[in-house]
Each structure stands twice: as structure tokens, then as C-alpha cells.
Novice: 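Can you keep this structure in mind? I'll have questions shortly.
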There are 2 protein chains.
Amino acid sequence: MNAPMTESLSITDLSREFDVTTRAIRFYEDEGLLHPRRQGRNRVYSNRDRVRLKLILRGKRLGFTLSEIAEIISLYHSEPGESAQLDYFIEKIRERRRQLLQQKDDIEVTLTELDAIERQCRERLASLKQ
Amino acid sequence: MNAPMTESLSITDLSREFDVTTRAIRFYEDEGLLHPRRQGRNRVYSNRDRVRLKLILRGKRLGFTLSEIAEIISLYHSEPGESAQLDYFIEKIRERRRQLLQQKDDIEVTLTELDAIERQCRERLASLKQ
DNA sequence: TCGACAATTGACGTTTACGTAAACGTCAAT
DNA sequence: ATTGACGTTTACGTAAACGTCAATTGTCGA
């Protein structure tokens with residue numbers, strides 16, 4: 001039995017935990033979003049890799065493309081030296097924030113609309129049941 | 001202050017107002033998301049069409065596929081007769097709501113993370129400027 | 001040692017959401 | 001008469017994000 005001290009996960013572990021195919025996980029690696037270490041040919045995922053995958057999937061749920069997600073993750077892990085680079089990063093961050101706030105607004109609007117529709121359905125249901 | 005409630009818009013009117021290509025608008029029609037009336041061969045868009053396009057674009061910003069958007073819009077315009085259909089609709093609505101709430105949560109998390117990153121950038125910037 | 005099973009690497013296929021011409025009609029202005 | 005803006009259809013192209021299959025290679029329990 002392997003000592004579970006070191007958090008090492010197989011590709012199927014990850015695929016099961018997050019309900020994605022192993023093919024997708026390998027694809028993310030091809031696209032440079034994941035860099036698991038290897039034991040021979042096999043991929044071994046650390047907890048950091050797991051967190052990165054979580055970030056990827058969250059980005060997907062938000063409708064970002066993989067390259068956008070790559071950009072976002074690079075923001076997380078960037079250790080930028082130059083001042084100009086920092087300005088650029090901050091601008092990127094603000095862009096994302098604008099996008100996310102727009103989405104939040106879209107969601108609010110859609111939710112209230114859905115509420116209205118459901119209420120109408122319920123009324124119609126009630127009137128059918130008498 | 002009479003905003004022209006012009007009931008008839010051209011395809012370029014729409015494309016300019018919402019900053020989408022005419023190609024995209026025609027594509028949405030091909031996919032059954034829009035049904036403008038015709039004057040001869042030319043498409044003429046009513047204000048209802050305009051609202052539908054707005055819904056489509058909002059759906060896109062939320063990361064939905066066109067067929068998902070079609071489903072959502074069909075919820076808006078459905079005149080369901082049967083009780084079973086109504087139950088089905090309500091279930092659909094709840095599904096959407098779950099999805100949107102998940103997205104909202106994702107956004108909150110990402111926003112606070114972005115805040116943290118920007119703060120770090122600012123600190124780094126400040127320390128560089130001395 | 002055998003066979004089941006997991007994992008790997010290509011390579012090609014598929015869906016979505018349009019882009020990009022090509023080739024043409026219409027009408028107003030120059 | 002020509003140009004330009006705007007419109008049309010048909011058709012092929014493409015980038016993204018995987019799915020699917022094939023061939024192969026360990027790996028482990030009975």
C-alpha cells in the first residue's frame with residue numbers, strides 16, 4: 001500500500017471527482033493548462049494540479065475559452081517583475097472584472113424573468129386543477 | 001424625445017445596435033432563433049425580434065449554447081396546455097436556476113480572487129516605485 | 001503466467017458558431 | 001453609366017473542445 005501522505009492522484013481519480021473524461025484532462029495538458037509529473041509514462045497529479053483543474057472547470061462554467069482560462073491562471077501564478085507588466089496585469093484583471101460583473105447582471109435579470117415564468121406556470125397549473 | 005418605436009428595422013440596424021455581424025443574425029435565423037418577416041427577399045425585424053436578439057446575446061454572455069438559448073426562449077413564449085407539460089417546464093426552469101446560481105457563486109469566488117491578485121500587484125508596484 | 005484492466009499516444013471525426021468569399025439584385029447618388 | 005451601400009443565397013473554411021477508435025504498453029491479482 002502506498003503511503004497516502006503525498007497527495008498523488010491518478011487521472012481517473014480526477015476524472016471521477018470532477019466528472020470529466022480522462023481525454024479532456026489530457027487535452028488540457030496538451031493546451032498547457034496542466035503539467036502533472038510522470039511516473040514512467042503515467043501521469044501523477046498533485047493537489048496543486050487538482051486545484052488547477054478546479055480553476056479550469058470553474059472558468060468553463062463561466063463560459064471562458066481555454067486560452068482565456070490559461071490567461072487567468074497565469075495571473076494567479078505570475079511573479080511579474082516589471083512595472084509595465086504589472087500595469088498590464090492590472091488592466092487584464094479589470095477587464096475580467098467588468099466581464100464578470102456584466103455576467104452577474106445578466107444572471108440577475110434572467111433569474112427574475114424565470115421567476116415570473118414559473119409563477120405564471122403555477123397559476124396556470126392551479127387553474128387547471130380545480 | 002420621441003424615440004422612434006419603429007416597428008421595422010433592417011438587418012444592419014440590428015447589427016449596429018448590438019454590435020454583431022449580419023452573418024451572425026442570419027445564422028440565428030437558420031438555427032430557428034429568429035423569424036423576421038420579409039419584404040420581398042429582404043428581412044424586416046420588428047421590436048419583438050429585437051428583444052429576442054437581446055435575449056440571445058444575453059444567453060451567449062452567460063455561456064449558453066444556441067440550442068440552450070432556444071430552449072430558454074421557448075420557455076418565455078410557451079403557451080403550455082397540459083399539466084404534465086407544465087411540470088416539465090417548471091423542472092426546466094429550476095434546472096436553469098440552479099445553473100445560474102452556480103455561475104453566480106463562481107463569479108463571486110473569482111471576483112474576490114481577482115481582488116486579492118490586484119492588491120498584490122499594487123503592493124508590488126508600490127515597492128518598485130520607491 | 002495469464003488475462004483483465006488501466007493508461008498511453010497518435011490520428012481522425014464531430015459539433016458549435018460563425019467567417020469568408022463568390023455571385024448576384026436594388027436603388028440612390030454622382 | 002457607374003459607383004457604392006446594402007441586401008440576398010449558396011457554399012466552403014475554421015477554431016475550439018473535445019469524442020472515438022486503434023494499437024500498444026505496463027501492472028496486478030488469481
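Each chain gets a letter, A, B and so on, in the order the sequences are listed, and its residues count up from 1.
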Novice: Using salt bridge (Lys or Arg N to Asp or Glu O under 4.0 Å), reason through A:Glu108 and A:Lys104 one step at a time and then give a plain yes or no.
Specialist: CA-CA 6 Å; A:Glu108 295 300 345; A:Lys104 236 175 92 171; over 6 Å; no

Novice: Does the side chain of B:Leu53 come within less than 4.5 Å of B:Tyr45's, by heavy atoms?
Specialist: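 Not in contact.
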
Novice: Which residues satisfy the side-chain contact (heavy atoms from CB on, under 4.5 Å) test with B:Tyr76, sequence neighbours excluded?
Specialist: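 side-chain contact (heavy atoms from CB on, under 4.5 Å) check on B:Tyr76 returns A:Thr110, A:Glu113, A:Ile117, B:Leu55, B:Arg58, B:Ile72.
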
Novice: Can you find a pair of side-chain heavy atoms, one from B:Arg122 and one from B:Arg119, that are under 4.5 Å apart?
Specialist: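 A side-chain contact under 4.5 Å is absent here.
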
Novice: Nearest 0.5 Å, what's the CG-OG distance between A:Asn42 and A:Ser8?
Specialist: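 It comes to 12.0 Å.
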
Novice: What I want to check is whether the side chains of B:Asp115 and B:Thr112 have a donor and an acceptor closer together than 3.5 Å.
Specialist: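 Not at all, the side chains of B:Asp115 and B:Thr112 share no donor-acceptor pair under 3.5 Å.
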
Novice: Return the CZ to CD1 distance between A:Arg61 and B:Ile107, rounded to the nearest 0.5 Å.
Specialist: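 Nearest 0.5 Å value for the CZ-CD1 distance: 11.0 Å.
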
Novice: Report, as a single string ordered 5' to 3', how protein heavy atoms within less than 4.0 Å touch nucleotides 6-19 of chain D: B base, S sugar-phosphate only, - not at all.
Specialist: SSBB-B-----BBB

Novice: Rounded to whole angstrom units, what separation is found between the CZ atom of A:Arg37 and the P atom of C:dT8?
Specialist: 13 Å

Novice: Rounded to whole angstroms, how far apart are CD on A:Gln39 and P on C:dA6?
Specialist: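 Roughly 18 Å, once rounded to whole Å.
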
Novice: Ion pair present between B:Lys92 and B:Glu68, side-chain N to carboxylate O less than 4.0 angstrom?
Specialist: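 The answer is no: the pair does not qualify as a salt bridge.
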
Novice: Taking only Watson-Crick and G-U wobble pairs with both distances under 3.5 Å, what dot-bracket line describes DNA chain C, where [ ] shows pairs that cross earlier ones and | shows pairs with another strand?
Specialist: ||||||||||||||||||||||||||||||

